[in-house]
Amino acid sequence: MTIKVVIVGGGFGGISVAKQLKSSIFDATIVDQTNHHLFQPLLYQVATAALSPGDIAIPIRAVFSKQKNLRVVLGEVTSIESEHNFLTLKDGTQIHFDYLVLAPGAQYNYFGNEAWKKHAPGLKSLSDALEIREQVLLSLEKAEQLPSPEAQKPYLTYVVIGGGPTGVEMAGSIAEIAKRNMMRDFRNLNKENTKIYLIEAADGILNGFPASLSESAFQDLNKMGVEVLLNTAVTGIKETGVQLKDRFIETPNVIWAAGISASPILSTIEEPLDRMGRVKVSRDLSVSKNPNIFVIGDAAYFEDSKGKPLPGIAPVALQQGKFVGKLIKGEAKGTNREAFHYVDKGTMATIGRAKAIADIRGFKLSGFIAWLMWGLIHIFFLIGFRNRFRVFAEWIWHYITFKRGVRLITKKSSEN
Ligand SMILES: Cc1cc2nc3c(=O)[nH]c(=O)nc-3n(C[C@H](O)[C@H](O)[C@H](O)COP(=O)(O)OP(=O)(O)OC[C@H]3O[C@@H](n4cnc5c(N)ncnc54)[C@H](O)[C@@H]3O)c2cc1C
């Protein structure tokens, strides 16, 4: 008899579960609403024209082409019947399971201001990254055609909302584009007229990092020409710009990197959720009403041994995926379940060219060495030799020439 395992999501968590289930006793299925596994930590480089979409994404089918007991279904899961062991896709298809692993990740949270989304896209998918890239490039083209610095000003202004790792990376990367590498191809723009704001409601950026590293990132951003506005809440976003408590920043270039909430499908399993919509899982990552349903990665709320919730980062999803895959494999052989333990190998964030910070088990690094480590680790975790090679080659080229490779505006969006 084969055991049917269904995995929702082909991200870090889902892929890592599936890799454990190579044995033919499992009939495994990955369901994803896209056909690719996406390396989200490098999305900002697609959004800022440093990398192409194909460099950081790989078809899920290609990842598992040799794993014959696994099939891939392209479809959006809309609900889960946890008591009757089946889930339903948007087109009405029902898929039954013996085990279900939910790894649908997270999405941006606009804190009830859904109208802001249209003018301030978040960075979560390849299409988000391409939308932001086009907006940045179109703004430069528009500014080039305008007669005076005053008229150009809104188009040379960029606002990134949220001072976490994604916001810092985006602001740093835009500063590199706007202050340095692309500007030299424009005849009518002066880099001194570009303005980049990073807006954060709290009193510091990169709050999960030790204070000294956050401060170092803050200083780096300042030197790169990013104005970091701390203790600053956004009160409105519209087509023409961003409203703060005491001023309006006029710009069409707004990027949202502020809040995260878990996937809405999690509410359909009727389990306790935290305030971000993540499922509160047991020590073995299963849910309370059905021990054969697991939730992992960004979708799960799990506290470490000190009672601190695990962060929504790739290593957590990878380790949880591997744990659940092994648990299912072990249970098929009669092994008892154990509790999940996260091994924290450290956290890193990059700010720009040769600038990053790293906190490796209390060992704090910043600057070039941290950036080099960041680069090597990201290359290592990319899936596929071709992608690793291409990203490495692009980075070397970019480092030597200061040139961004992928500055394409497709006809569709330039007509909008
Ligand atoms: C811009 C950005 C930068 C980041 N940088 C870093 C970093 O530097 N370091 C780090 O460690 N982490 C980083 N992260 C966080 C990291 O990417 C996540 O923690 C990780 O991807 C979580 O893995 P996951 O498997 O839980 O979800 P994901 O990798 O998000 O995968 C979820 C999958 O589920 C699919 N899915 C969602 N809903 C459905 C549905 N209803 N039906 C079918 N399929 C569905 C999605 O298409 C997706 O493929 C970053 C995230 C972002 C967005």
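We count ligands from 1, going down the list as the structure has it; atoms in each ligand are counted the same way. Position 1 is the first residue of the sequence, and the numbers go up from there.
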[X] N/O to ligand 1 N/O under 3.5 Å:
X      : result
Ile313 : yes
Leu123 : no
Ile265 : no
Glu76  : no
Asp298 : yes
Gly13  : yes
Val77  : yes

Quick check on contacts: which atoms of ligand 1 are under 4.0 angstrom from a heavy atom of [X]?
X      : value
Gly297 : 26 (O)
Lys124 : 53 (C)
Gly312 : 15 (C), 19 (O)
Gly75  : 42 (N), 43 (C)

Between Lys124 and Asp128 (salt bridge meaning N to carboxylate O under 4.0 Å), is one present in this structure?
no
Identify whether the distance between the nearest side-chain nitrogen and carboxylate oxygen of Asp220 and Lys355 falls below 4.0 Å.
no
Would you list the pairs meeting side chain to side chain donor-acceptor pair (under 3.5 Å) in which at least one residue belongs to residues 93-103, sequence neighbours left out?
Asp91-Thr93, Tyr99-Glu331
Protein residue, atom and distance nearest to [atom], heavy-atom basis:
atom                    : answer
atom 37 (C) of ligand 1 : Pro104 O, 3.1 Å
atom 32 (C) of ligand 1 : Ala103 O, 3.4 Å
atom 12 (N) of ligand 1 : Ala314 N, 3.3 Å
atom 34 (O) of ligand 1 : Gly9 CA, 3.2 Å
atom 27 (O) of ligand 1 : Gly105 CA, 3.3 Å
atom 23 (O) of ligand 1 : Ala317 CB, 3.4 Å
atom 31 (O) of ligand 1 : Gly11 CA, 3.3 Å
atom 8 (O) of ligand 1  : Pro41 CB, 3.6 Å

Check whether the ring centres of Trp374 and Trp395 lie less than 6.0 Å apart, and answer yes or no.
yes
Does at least one non-hydrogen atom of Pro315 fall below 4.0 angstrom from an atom of ligand 1?
yes
Please work out whether any backbone atom (N, CA, C, O) or any side-chain heavy atom from C-beta onward of Thr166 is under 4.0 Å from ligand 1, and answer side chain, backbone, both or neither.
side chain
Run through Phe12, Phe381, Phe380 and flag the one making a ring-ring contact (aromatic ring centres under 6.0 Å, His included) with Phe39.
Phe12
From Leu51 atom CG to Asn387 atom CG, the distance as rounded to the nearest 0.5 Å
10.0 Å
Are Arg283 and Phe302 in a cation-pi setup, meaning NZ or CZ lies under 6.0 angstrom from the ring centre and within 45 degrees of the ring axis?
yes
Phe340 six-ring centre to Lys322 NZ/CZ under 6.0 Å and within 45° of normal
no
Just one of Lys142, Glu239, Gln135 clears the side-chain contact (heavy atoms from CB on, under 4.5 Å) bar with Pro252, so which one?
Gln135
When you compare the side chain of Thr350 with that of Trp371, does any pair of heavy atoms fall below 4.5 Å?
yes
Not counting sequence neighbours, which residues clear salt bridge (charged side-chain N to carboxylate O under 4.0 Å, His left out) with Glu227? List them please.
Lys195
Strictly distance-based, threshold 3.5 Å: is any side-chain N or O of Arg361 a donor or acceptor partner for the main-chain N or O of Lys345?
no
Relative to [atom], which among [options] owns the nearest non-hydrogen atom?
atom                    : options                     : value
atom 46 (C) of ligand 1 : Val8, Asp32, Leu266         : Asp32
atom 20 (C) of ligand 1 : Phe12, Phe39, Phe381        : Phe12
atom 28 (P) of ligand 1 : Gln40, Gln33, His37, Gln107 : Gln40

Will you find, in the side chains of Ser288 and Glu271, an N or O donor that is under 3.5 Å from an N or O acceptor?
yes
One pair to check against side chain to side chain donor-acceptor pair (under 3.5 Å): Asn253 and Ser139. What are the steps and the verdict?
CA-CA 8 Å; Asn253 306 312; Ser139 268; 2.7 Å; yes
